[in-house]
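Below is one structure; the comments refer to it alone.
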Amino acid sequence: RIEAGELAPASRLPTERELSEALGVSRMTVRAALARLEQRGLIRRLQGSGTFVSEPKLRQDTSHLRSFFEASLGQGLVPASRLIERAEILATRHLAQELDLRIGELVYKVVRARSVAGVPVVLETSFFPARVVPGLLDLDLEGSSIYRLMEQRYGARPVRARQALEPIAAGPLEAELLGVGVGSPLMLVERTAWAADGRAVEHARDLYRGDRSRFVGELRL
């Protein structure tokens with residue numbers, strides 16, 4: 001009923017006793033089923049208030065390279081951004097290796113908290129070679145898709161990427177910015193992207209809330 005949309009997000013579920021009577025099963029069976037649904041992120045329990053249907057998870061397709069803005073709109077969700085930091089930094093050894101730069105070369109750092117329906121979903125930390133996207137930090141980085149800006153202004157839209165996924169626990173800063181508890185599950189997506197001409201144009205470390213994101217991909221033999 002949840003997956004079919006019969007039970008709307010944020011709606012309150014019947015009590016264990018009511019479900020037991022309606023379904024003709026024991027309360028122990030109901031309790032086990034609810035625990036399974038909670039593990040899947042389909043429901044959430046609020047002590048003293050009851051059990052509620054969770055908000056839908058943002059689907060992340062690992063088979064295609066899409067910006068958060070495009071992925072959200074494609075699922076009928078309206079994305080929003082909060083700019084946390086924009087800065088000019090010098091390339092570390094790691095960034096120089098990932099972006100094919102010299103150590104100490106100028107890099108733009110952009111940190112944004114991305115939300116849907118007013119709820120933070122991902123904390124994005126991105127690095128761009130300044131010589132590829134000069135003046136990027138002067139543009140509207142809250143109301144615009146950076147990938148779209150890279151395409152329209154610089155002809156440097158990412159067209160392919162290498163990325164790695166790793167589950168981690170939220171530290172104090174990530175927890176505060178994403179509105180979760182310290183130690184909550186996050187998915188770290190580390191990505192390096194290249195433009196059509198082979199230039200490395202972005203290195204990113206994105207932290208997705210585990211309770212609001214789902215990663216899917218198509219595999220072929």
Side-chain angles (χ1 to χ4, degrees), residues 2-3 5 8-11 41-42 44 52-87 108-128 133 135-161 163-168 170 173-181 184-193 195 201-218:
I2 292 173
E3 292 178 336
S11 62
L42 293 175
R44 55 192 177 92
F52 299 84
V53 178
S54 298
E55 296 291 335
K57 293 188 176 184
L58 182 67
R59 182 176 180 271
Q60 297 295 321
D61 188 348
T62 59
S63 304
H64 297 88
L65 180 59
R66 291 193 177 95
S67 68
F68 177 85
F69 184 84
E70 294 166 334
S72 300
L73 290 181
Q75 296 170 61
L77 303 171
V78 179
S81 300
R82 180 163 69 95
L83 185 63
I84 307 298
E85 179 184 358
R86 66 171 100 196
Y108 293 150
K109 177 183 178 181
V110 178
V111 182
R112 298 184 298 176
R114 316 299 298 279
S115 305
V116 290
V119 178
V121 175
V122 56
L123 180 64
E124 296 180 343
T125 301
S126 300
F127 304 91
F128 307 94
V133 288
L136 178 69
L137 298 187
D138 298 325
L139 304 179
D140 178 11
L141 302 180
E142 282 193 331
S144 304
S145 162
I146 291 183
Y147 277 12
R148 187 168 297 176
L149 292 173
M150 293 173 71
E151 178 180 19
Q152 295 173 347
R153 288 180 172 265
Y154 305 104
R157 180 187 174 90
V159 298
R160 69 179 180 91
Q163 65 180 17
L165 282 69
E166 179 183 354
I168 66 171
L173 178 60
E174 298 85 34
E176 179 183 357
L177 293 173
L178 288 172
V180 298
S184 296
L186 304 177
M187 180 64 78
L188 167 63
V189 179
E190 189 167 10
R191 177 182 64 258
T192 298
V201 294
E202 179 199 29
H203 180 67
R205 289 175 56 86
D206 300 339
L207 292 172
Y208 287 84
R209 282 177 51 164
D211 63 337
R212 297 306 305 272
S213 307
R214 186 183 187 197
F215 293 83
V216 299
E218 180 179 341

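Both backbone and side-chain heavy atoms feed into the values below; hydrogens, waters and symmetry mates do not.
- Under the side-chain contact (heavy atoms from CB on, under 4.5 Å) criterion, A156 pairs with V132, Y154, R199, V201, sequence neighbours left out.
- With sequence neighbours left out, the ring pair (Phe, Tyr, Trp, His ring centres under 6.0 Å) criterion links F215 to Y208.
- Across every non-hydrogen atom of G181 and A170, the tightest pair is O-CB, 4.0 Å.
- At least one donor-acceptor pair closer than 3.5 Å links the side chain of Y108 to the backbone N or O of G135.
- The list of salt bridge (charged side-chain N to carboxylate O under 4.0 Å, His left out) pairs with a residue in residues 204-213, not counting sequence neighbours, reads E190-R205, R191-D206, R209-D211.
- Residues satisfying the salt bridge (charged side-chain N to carboxylate O under 4.0 Å, His left out) test with E166, not counting sequence neighbours, are none.
- Within a 6.0 Å sphere centred on CD of E176, heavy atoms belonging to other residues, nucleotides or ligands number 12 at most.
- Contact detail for V159 and A195: the closest heavy-atom pair is CG2-C, 3.6 Å.
- For the pair L178 and L207, the tightest heavy-atom approach, listed with the atom from each and the gap, is CD1-O, 3.9 Å.
- Nearest heavy atoms, M150 versus P158: CE-CD, 4.0 Å.
- Listed for the S144 side chain is no donor-acceptor partner under 3.5 Å among the backbone atoms of L141.
- No side-chain donor-acceptor contact under 3.5 Å links S213 to the backbone of G210.
- The heavy-atom pair separating G118 from S115 by the smallest distance is C-CB, 4.4 Å.
- Among pairs with a residue in residues 138-151, those fulfilling salt bridge (charged side-chain N to carboxylate O under 4.0 Å, His left out) read E151-R157, at least two apart in sequence or across chains.
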Verify side chain to side chain contact (heavy atoms under 4.5 Å, CB included) between V110 and L137, making sure each step is shown before the conclusion.
CA-CA 8 Å; V110 178; L137 298 187; 3.7 Å; yes
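- For residues 109-120, every residue pair satisfying the salt bridge (charged side-chain N to carboxylate O under 4.0 Å, His left out) rule, not counting sequence neighbours, is listed here: E85-K109, R112-E124, R114-E124.
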